[in-house]
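These notes are about the structure you will find just below.
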Amino acid sequence: MVADVIAEPYAPARKGLRSGSLGLISSVVIAVSSTAPAYSMAATLGLIVAIVGVHSPGTLVVSFLPMLCIAYAFRELNKVDPDCGTTFTWTTRAFGPRTGWMGGWGIIAADIIVMASLSQIAGRYALLLVGADGLATQTLWVTVIGVVFIGLLTWICYRGIEVSARLQQALLAIEVITLGVLAVTAFVKAGTGHALPGASGPSLHWLDPWTGSFSSLSNSFLLAVFIYWGWDCALSVNEETKDRARTPGRSAVISTVLLVAIFAVFSMAALAFAGPAFLARNSTDVLGAMSSLVLGSTAGKLLILSVLTSAAASAQTTIMPTARAALAMAVHRALPVRFARIHPRYLTPTVATLVMGFVSAVCFGLLTLASKNVLADSASSVGLLIAFYYGLTGFACVWFFRRELLASPRALLFKGILPAAGGLALLAAFVLSIKSYWPASSSYSSFAGIGGIFLIGAGSLLIGVLLMLVARWRLPAFFTGRTLPPLQQQAADSDQQAAGSDADGRPAGGRDPSPGPATGMYIREDAA
């Protein structure tokens with residue numbers, strides 16, 4: 001039966017990455033760091049409060065549910081096919097090469113675009129941390145520091161997964177401890193009567209997301225999708241993780257639960273101390289506005305450090321999955337083979353990592369030259385791409401396991417109901433994004449009456465379609481299904497080869513003119 005074949009894990013193509021380098025804790029740290037809790041709260045909490053007021057904690061809790069559903073989809077797919085290409089690999093196996101290629105492009109495009117926003121934040125906060133407040137307002141210096149920041153993190157990712165993991169642990173510790181100190185202090189001040197005017201004591205009513213308006217709930221949900229994005233980075237390093245079939249999936253589920261706890265507690269602390277009017281008024285930087293009021297001017301520097309480390313951690317864990325997605329696409333012949341190069345000592349993707357850093361720096365520079373408004377809109381446009389590839393993965397899980405769903409209640413729940421619910425929620429978010437971001441009034445920039453957020457998000461997907469057409473012309477093997485076939489077919493081919501013949505009945509040692517993922521192809525830098 002096909003279900004019996006699918007249920008057995010399939011060893012992914014050898015890519016030359018350093019296997020067994022990450023444990024469960026490191027994997028969870030990478031997943032949580034990638035979401036950048038401090039940066040996400042600083043940039044997004046005020047916007048959510050402006051829409052739903054004191055219902056913000058409830059909105060964050062409800063928005064977590066689709067993320068948890070998609071995390072289960074990632075977990076189940078990773079169990080049977082732990083490939084660092086994640087969405088690209090799994091959607092190709094489920095729906096075919098064209099859909100899979102666009103899924104991979106969704107990851108790459110989202111990561112490149114968000115790097116511009118992260119670099120701007122890092123450049124500005126680095127200058128604020130050293131007291132150069134005047135330079136922090138100058139676009140040139142913020143851009144220069146941001147580009148240096150991209151270069152440094154690209155070098156760290158190039159040097160090896162262990163170095164990256166150790167840095168992530170340090171950055172996340174600073175970030176979470178600072179947020180914890182801020183939240184506890186805010187609760188204490190609110191409880192002792194030192195809250196700002198307009199604030200009120202915490203209430204269970206705040207955990208109710210319903211404001212009486214479906215429109216406000218949906219708009220706040222779109223923002224929350226961006227807040228939770230990034231935990232899938234733990235899956236992109238699955239081939240470098242101990243017990244790669246189980247640990248990355250567990251990390252994804254654990255990290256989403258940790259994130260909802262962080263966001264719910266901090267949002268309630270911020271509302272209890274500052275009140276909704278203050279948070280909405282300072283929506284562009286909630287942490288910056290609260291820092292000195294809660295901790296004082298000196299200790300308030302901790303908040304600046306927290307946002308800086310948050311942006312650094314997120315940027316690093318943005319470079320890693322993009323490089324590995326490109327590596328997987330190259331190994332499976334969906335991108336030029338040069339992207340499959342691996343460093344002989346560090347065992348990291350070389351060309352893919354360096355190209356990611358270079359393209360991110362160029363994109364950051366171009367968006368900065370275009371205008372600050374375009375740069376601001378670029379960050380918001382990532383929500384379209386997130387909803388696209390997360391939702392696609394949810395549907396891929398349901399289709400991939402469609403013959404297994406009735407085998408047991410557990411299979412129906414974790415491989416069918418939950419991934420489908422997450423996919424439908426994110427499909428709705430994608431459609432709502434188009435509706436919300438189409439008008440010019442929805443964005444800081446616009447063209448021909450269309451909002452800049454929609455133009456950047458939809459434009460990125462259109463560029464992906466054009467690049468896919470070029471790839472289809474230049475790399476026909478992938479698009480004819482010869483390099484990444486459906487998993488059950490690949491497993492069946494392996495069984496036949498083990499029995500002494502290949503899928504066509506030829507001797508197992510026969511020459512295959514169309515090498516696929518089972519060949520273990522990867523290129524070391526010392527191989528000419």
Mind telling me whether His343 and Tyr158 have parallel, tilted or perpendicular rings, with 30° and 60° as the class edges? perpendicular

Using side-chain heavy atoms (C-beta onward) and a distance below 4.5 Å, is Cys397 in contact with Phe414? no

Looking only at non-hydrogen atoms, find the nearest pair between Ala312 and Leu153 and report the distance. O-CD1, 3.5 Å

Between Ser117 (side chain) and Ile113 (backbone), is there a donor-acceptor pair under 3.5 Å? no

What about Phe88 and Trp105, are their ring centers closer than 6.0 Å? no

Gap between atom CE of Met320 and atom OG of Ser34 - 0.5 Å precision: 7.5 Å

Residue pair Cys363, Ser360: steps toward the side chain to side chain contact (heavy atoms under 4.5 Å, CB included) verdict: CA-CA 5 Å; Cys363 180; Ser360 297; 5.7 Å; no

Qualifying salt bridge (Lys or Arg N to Asp or Glu O under 4.0 Å) pairs, either residue in residues 317-327, two or more places apart: Glu240-Arg324

Please list all pairs passing the ring-ring contact (aromatic ring centres under 6.0 Å, His included) test where one or both residues lie in residues 40-71, with sequence neighbours left out. His55-His205

Reported OG-to-CG distance for the pair Ser63 and Leu68, which is rounded to 0.5 angstrom: 13.0 Å

Would Trp231 and Tyr390 count as a close aromatic pair, with their ring centres under 6.0 Å? yes

Just checking, is any N or O donor in the side chain of Gln169 or Ser26 under 3.5 Å from an acceptor N or O on the other one? yes

Check for a donor-acceptor pair, side chain of Asn238 on one end and backbone N or O of Pro248 on the other, with a separation under 3.5 Å. no

Residue pair Tyr437 / Ser381, side-chain donor-acceptor N/O under 3.5 Å: no

Evaluate the side-chain proximity of Leu305 to Leu129: yes if any heavy-atom separation is below 4.5 Å, no if none is. yes

Quick one: closest heavy-atom pair of Gly103 and Leu392, and the distance? CA-CD2, 3.9 Å

Separation between CD of Gln120 and OH of Tyr125, rounded to the nearest 0.5 Å: 10.5 Å

Expected output: side-chain Lys189 to main-chain Val184 donor-acceptor under 3.5 Å: no

Look at the side chain of Ser56 and the backbone N and O of Gly53, then say whether any donor-acceptor pair between them is shorter than 3.5 Å. yes

Modelled atom types, side-chain donor and acceptor of Thr87 and Thr393, under 3.5 Å: yes

Over 12 foreign heavy atoms within 6.0 Å of CD1, Ile25: no

Flag side-chain contact, heavy atom, 4.5 Å: Thr247 against Arg244: no

Apply side chain to side chain contact (heavy atoms under 4.5 Å, CB included) to the pair Arg124 and Ile145, showing each step before the final yes or no. CA-CA 8 Å; Arg124 185 162 68 90; Ile145 299 298; over 6 Å; no

Should Phe273 and His194 count as side-chain neighbours, where that means a heavy-atom distance under 4.5 Å? no

Run the side chain to side chain contact (heavy atoms under 4.5 Å, CB included) check on Ser200 and Trp206 step by step: do they pass? CA-CA 11 Å; Ser200 60; Trp206 294 358; 3.8 Å; yes

Under 4.5 Å between any side-chain heavy atoms of Cys84 and Leu17, yes or no? yes

ring-ring contact (aromatic ring centres under 6.0 Å, His included) partners of residues 166-191, not counting sequence neighbours, each pair once: none

Is there a side chain to side chain contact (heavy atoms under 4.5 Å, CB included) between Thr348 and Ile342? Walk through the geometry before answering. CA-CA 5 Å; Thr348 55; Ile342 293 292; over 6 Å; no

Any sub-3.5 Å donor-acceptor pair from Ser314's side-chain atoms to Ser310's backbone N or O? no

Got a list of side-chain donor-acceptor pairs under 3.5 Å for residues 258-272, not counting sequence neighbours?
residue	atom	partner	partner atom	Å
Ser267	OG	Phe263	O	2.8
Ser267	OG	Ala264	O	3.0

Can you confirm whether Val359 sits close enough to Met115 that some side-chain heavy atom of one is under 4.5 Å from a side-chain heavy atom of the other? no

Kindly write out the residues that satisfy ring-ring contact (aromatic ring centres under 6.0 Å, His included) with Trp438, not counting sequence neighbours, or none if the list is empty. Phe454

Validation row: Thr86, Asn78 side chains within 4.5 angstrom (heavy atoms): no

Could you measure the distance from the CD atom of Gln138 to the CG atom of Asp133? Nearest 0.5 Å is fine. 11.5 Å

Here the gap from Leu432 atom CG to Leu426 atom CG, rounded to the nearest 0.5 Å, amounts to 11.0 Å

Quick one: closest heavy-atom pair of Thr91 and Ala396, and the distance? CG2-CB, 3.7 Å

Phe430 and Phe388 aromatic ring geometry - parallel, tilted or perpendicular at 30°/60° bounds: tilted

For Val253, does its backbone N or O pair with a side-chain atom of Thr256 as donor and acceptor, under 3.5 Å? yes

Over all heavy atoms of both residues, which pair between Val237 and Thr241 is shortest? Give the atoms and the distance, please. O-OG1, 2.7 Å

Donor-acceptor pair, side chain of Ser27 and main chain of Leu24, under 3.5 angstrom: no

Do Ile112 and Met356 have side chains that approach each other closer than 4.5 Å (heavy atoms only, starting at C-beta)? yes

Can you name the nearest heavy-atom pair linking Ser306 to Ala38, along with the distance? OG-CB, 3.4 Å

Please tabulate, for the side chains in residues 40-50, all donor-acceptor contacts under 3.5 angstrom to protein atoms that are two or more places apart in sequence or on a different chain.
residue	atom	partner	partner atom	Å
Ser40	OG	Thr35	O	2.7
Ser40	OG	Ala36	O	2.9
Thr44	OG1	Ser40	O	3.1

Where is the tightest heavy-atom contact between Ala199 and Gly275, given as atom of each residue plus distance? CB-N, 3.7 Å

CD-OH distance between Glu76 and Tyr72, expressed to the nearest 0.5 angstrom: 9.0 Å

